[in-house]
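Protein chains get the first letters and strands the later ones, always in sequence-line order, with residue 1 at the start of each.
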Protein chains: 2
Amino acid sequence: MNTPENIERTSTGIDLENPSTRRAAQLTKALGHPVRLAILKLLCERDTCFCGDFTDVLPLAQSTVSQHLKVLKECGLITGTSQGVRTCYCLDPSGIQELHQNLVNLVDTFDTSNLSDCC
Amino acid sequence: MNTPENIERTSTGIDLENPSTRRAAQLTKALGHPVRLAILKLLCERDTCFCGDFTDVLPLAQSTVSQHLKVLKECGLITGTSQGVRTCYCLDPSGIQELHQNLVNLVDTFDTSNLSDCC
DNA sequence: TATAATTATCGTAATTATACGATGATTATA
DNA sequence: TATAATCATCGTATAATTACGATAATTATA
């Protein structure tokens with residue numbers, strides 16, 4: 001597996017252009033806001049939500065909630081489907097699966113058994 | 001455990017002031033940049049790094065790297081200890097442990113077996 | 001068909017993040 | 001003691017984020 005990319009990557013130990021690193025950063029960034037965590041949590045509990053369901057329980061303007069939904073949608077974590085006047089929001093199974101795997105990898109990376117009190 | 005706060009929280013299902021939610025958002029936000037992920041990854045591999053070790057392998061100005069280190073330090077994920085002219089950076093065991101637990105919780109939250117193709 | 005309901009988008013303001021060079025502070029070395 | 005090395009901080013520029021109200025677009029209802 002010593003393709004040129006791998007050689008270059010392992011030579012520095014760091015490759016900021018690595019797609020999987022970039023994707024991990026994108027996903028964690030999307031999680032990195034209490035409102036978006038709350039939205040995802042509610043979707044985990046309720047399967048299906050309309051935009052109004054979020055605005056009912058969030059102390060934010062409807063336009064702001066819509067913006068957060070857009071962020072989650074654009075990075076593939078949720079879907080939004082028009083149903084009449086309303087939009088039905090759901091977790092996107094493939095995105096959530098990817099997130100899940102990514103988080104598992106991170107948990108693996110930050111394995112607490114490897115920690116040393118160095119200083 | 002029906003304190004007024006809990007009643008209010010469970011009535012909406014969402015509490016943005018919940019410290020654990022806020023902390024989860026803070027931690028994921030800190031992870032949400034490729035450079036900071038790279039820094040943490042390198043620390044996982046090498047135990048100990050001086051600031052110069054990062055600037056050697058990152059295509060960024062020293063002041064920028066220092067800023068990213070500050071972010072990670074301020075949310076408790078790394079420590080920085082002066083050793084002569086240099087500063088020794090390490091993973092902060094307690095912060096990493098907290099991160100670990102937080103990520104485990106998230107993995108739990110986004111349990112892929114619960115996913116339904118709703119729309 | 002007129003009105004109401006729902007949501008996305010636009011415009012905008014304020015704040016935060018990201019990056020750089022310059023500089024200061026501290027410690028080691030000549 | 002003068003100089004070099006290392007790193008943090010300051011000042012600053014630019015971009016991105018977060019939030020709001022207003023409004024447009026679409027669909028349902030009277």
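Scanning for disulfide (SG to SG under 2.5 Å) contacts around B:Cys88 gives an empty result, with sequence neighbours left out.
Each end of the helix from C:dT1-D:dA30 to C:dA30-D:dT1 yields a helix axis from five base pairs, and these two axes differ in direction by 0° (to the nearest 10 degrees).
One distance of note links SG of B:Cys49 with CG of B:Asp56; it measures 10.0 Å at 0.5 Å rounding. In this structure, CD1 in A:Ile96 is found 9.0 Å from OG in A:Ser94, a value given to the nearest 0.5 Å. Of the inter-residue distances, the one linking B:Asp108 atom CG with B:Gln101 atom CD reads 9.0 Å to the nearest 0.5 angstrom. Put simply, OG1 on A:Thr109 and CG on B:Leu40 are 9.5 Å apart, with the number rounded to the nearest 0.5 Å. In this structure, CZ on A:Phe54 lies 12.5 Å from CG on A:Leu60, to the nearest 0.5 angstrom. Put simply, CG on A:Asn102 and CG on B:Leu103 are 10.5 Å apart, with the number rounded to the nearest 0.5 Å.
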For residues 64-86 of chain A, which side-chain donor-acceptor pairs fall under 3.5 Å, sequence neighbours excluded?
unit_1: A:His68; atom_1: ND1; unit_2: A:Arg36; atom_2: NH1; d: 3.0

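If you check every strand for non-hydrogen atoms under 4.0 Å, A:Tyr89 touches sugar and phosphate atoms only.
Within residues 59-70 of chain A, the residues that have a heavy atom under 4.0 Å from DNA chain D are, in order of number, A:Leu60, A:Ala61, A:Ser63, A:Thr64, A:Gln67, A:His68. Within residues 73-86 of chain A, the residues having any heavy atom closer than 4.0 Å to DNA chain C are, in order of number, A:Val85, A:Arg86.
Within the 4.5 Å cutoff, the side chain of A:Leu16 has heavy atoms near those of the B:Val35 side chain. Using a 4.5 Å heavy-atom threshold, the side chains of B:Arg22 and B:Glu17 count as touching.
Shown here for A:Ser116 and B:Asp47, the closest heavy-atom pair between the two residues is OG-OD2, 3.0 Å. Closest non-hydrogen pair, A:Gly32 versus B:Thr28, comes out as CA-OG1, 3.2 Å.
Along DNA chain D, read 5' to 3', the first and last nucleotides having any atom under 4.0 Å from a heavy atom of chain B are D:dA5 to D:dT9.
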Given B:Gln26 and B:Arg23, is the side-chain contact (heavy atoms from CB on, under 4.5 Å) satisfied, shown in steps?
CA-CA 5 Å; B:Gln26 186 189 25; B:Arg23 178 64 171 153; 2.8 Å; yes
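Place A:Gly52 and A:Lys29 on DNA chain C by their nearest nucleotides, and A:Gly52 ends up nearer the 5' end.
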